[in-house]
Amino acid sequence: MDFDNTSRTELSELGEFGLIKHLTQYIELTNDSTVKGVGDDAAVIDNGDLQTVVSTDMLVEGVHFDLTYVPLKHLGYKSVVVNLSDIYAMNAQPRQIVVSIAISNRFSLEAVEELYAGMLLACKKYKVDLVGGDTTSSLSGLVISVTAIGAAKKEDIVYRDGAKEGNLLCVSGDLGGAYMGLQILEREKTIFKENPKLQPDLGGKDYILERQLKPEARKDIGELLKSLNVKPTSMIDVSDGLSSEILHLCTQSKVGVELYEEKLPIDPLTFETAREFNLDPTLCALSGGEDYELLFTIDIGDYDKIKNSMDISVIGHITNESKGRLMVAKAGTAHELKAQGWNALLK
Ligand code: ADP
Ligand code: MG
């Protein structure tokens, strides 16, 4: 099947997810060993005993990071962690990464060493091996591409499409912190630009700054669920924002959802900082993104097993597709859940 290339269409008309769907619509899988292609947090390849799980992400200077306030060591760490998060979202164990970088002559050896020190720190922490990559030059800043490879038993892998009516919707940790950390960094950058003599005021904001600059992947949640004998019916990691990820789970599982605003886990510092910025903390939790928490559904019969886990919040339940995707606000009114992204937060 060929694309119709006779007219010009702007990429903005499709958006990121529309573009991926468009580009991948004619892919035909020809190898029996390809268990899962495009469409989940990672691809799944059958290797007999174990299945291999592969995920890749690219970080582009000026789009995904700003080196005026992100130390290179942190950037290296984060670029690895965000990939491992996708492997954990499949309920698999990451084992190897390959790293490709494009660098301009603006960077010194020492700078690239810092980047690698961060990457290797993440490798050590999560027990993965850096096994290869590619290095090339760039005319416009730094580009980092990391591919993570993991493994799991076939029966352990959790996809995005397994949520069933009546399941509970759960999320690990808390939400919106990374976004508020970014707001602090952006504010201090603006102040610094206007008056370079002023020192940045980051006091008391450690937790949310860390959420932005040095996020961790939730390796522990898969282990916790395993120890409680709970296998999620579906799972995804929260990279773009909670509402966007909930909609992915619903679309792929062909189900509806009822999310409860009052159940959203928001750290007090995130809440307070959102208020300081005149932002709605709920909107920050729903649309902020980069939390790298795990969003998953479980059978209602497993509720007793997880109910005492401080790090897991039940935030809603799965309904029939015909009921739609709703958020029940604190006032009791139901609203359609939308993937608003960061722009909505700034309006
Ligand atoms: P995530 O946020 O979990 O990293 P994405 O939203 O980036 O996932 O991607 C969704 C799915 O689309 C994944 O299965 C990914 O591998 C696939 N994908 C993304 N970009 C492309 C592309 N250019 N070509 C083929 N597949 C892609
Ligand atoms: Mg993901």
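One-based numbering, in listed order, for ligands and for the atoms of each.
Ionic pairing of Glu293 and Arg211 is present here: one or more N-O contacts between side-chain nitrogen and carboxylate oxygen are shorter than 4.0 angstrom. Salt-bridge formation is not detected for the pair Lys154/Asp156: no Lys NZ or Arg NE/NH1/NH2 atom is positioned less than 4.0 Å from an Asp or Glu carboxylate oxygen. Between Lys189 and Glu194 no salt bridge is recorded (no basic side-chain N to carboxylate O distance below 4.0 Å). Taking the charged nitrogens against the carboxylate oxygens, Glu216 and Lys125 do have a contact shorter than 4.0 Å, which makes a salt bridge. Looking at Glu155 and Lys231, no side-chain N of the basic residue comes within less than 4.0 Å of a carboxylate O on the acidic one, giving no salt bridge.
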Go through Asp129 and Arg95 one step at a time and tell me if the salt bridge (Lys or Arg N to Asp or Glu O under 4.0 Å) criterion holds.
CA-CA 6 Å; Asp129 299 324; Arg95 300 264 187 261; over 6 Å; no

Open item on the list: Determine whether Arg187 and Glu276 satisfy the following criterion, salt bridge (Lys or Arg N to Asp or Glu O under 4.0 Å), listing intermediate values before the conclusion.
Closed with: CA-CA 12 Å; Arg187 179 181 71 188; Glu276 212 181 292; 3.2 Å; yes

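For the Mg ion (ligand 2), the nearest N, O or S atom contributed by Asp237 is named OD1. The name of the N, O or S atom in Asp41 nearest to the Mg ion (ligand 2) is OD1. Nearest N/O/S atom of Asp86 relative to the Mg ion (ligand 2): this is OD1.
At a heavy-atom distance under 4.0 Å, only side-chain atoms of Arg160, from C-beta outward, approach ligand 1. Within the 4.0 Å heavy-atom criterion, the part of Asp40 lying near ligand 1 is the backbone and not the side chain.
Remark: atom 18 (N) of ligand 1 lies closer than 4.0 Å to at least one protein heavy atom. Within the 4.0 angstrom cut-off, atom 5 (P) of ligand 1 has no protein heavy-atom neighbours. Less than 4.0 angstrom separates atom 15 (C) of ligand 1 from none of the non-hydrogen atoms of the protein. Within a 4.0 Å radius of atom 12 (O) of ligand 1, the protein contributes one or more non-hydrogen atoms.
Close approach to Phe17 involves these atoms of ligand 1, each under 4.0 Å from a residue heavy atom: 6 (O). Residue Asp57 has at least one heavy-atom neighbour below 4.0 Å for each of these atoms of ligand 1: 4 (O). Ligand 1 places these atoms under 4.0 Å from at least one heavy atom of Gly39: 11 (C), 13 (C), 14 (O).
Considering backbone and side-chain N/O atoms, Asp86 comes within less than 3.5 Å of an N/O atom of ligand 1.
Shortest contact from atom 2 (O) of ligand 1 to any protein heavy atom: Ser239 OG, 3.4 Å. The closest protein non-hydrogen atom to atom 23 (N) of ligand 1 is Leu23 CD1, 4.6 Å. Atom 26 (N) of ligand 1 has as its closest protein heavy atom Val38 CG2, 3.5 Å. The protein atom (non-hydrogen) at minimum distance from atom 25 (C) of ligand 1 is Thr24 CG2, 3.4 Å. Among protein heavy atoms, atom 7 (O) of ligand 1 sits closest to Glu16 OE2, 4.0 Å.
Between Ile20, Val238, Ile27, it is Ile20 that holds the heavy atom closest to atom 21 (C) of ligand 1.
Under 3.5 Å, the side chains of Ser33 and Asp46 contain no donor-acceptor pair of N or O atoms. Neither side chain, Thr319 nor His317, offers a donor N or O lying under 3.5 Å from an acceptor on the other.
Residue side and main chain included, Glu245 places no N/O/S atom under 2.8 Å of the Mg ion (ligand 2).
In this structure a side-chain-to-backbone donor-acceptor pair under 3.5 Å is missing from Ser253 to Cys250.
Taking the six-membered ring for Trp and thresholds of 30 and 60 degrees, Phe17 and His248 have ring planes more than 60 degrees apart, a perpendicular arrangement.
The CZ atom of Arg325 sits 10.5 Å away from atom CG of Leu249, with the distance rounded to the nearest 0.5 Å.
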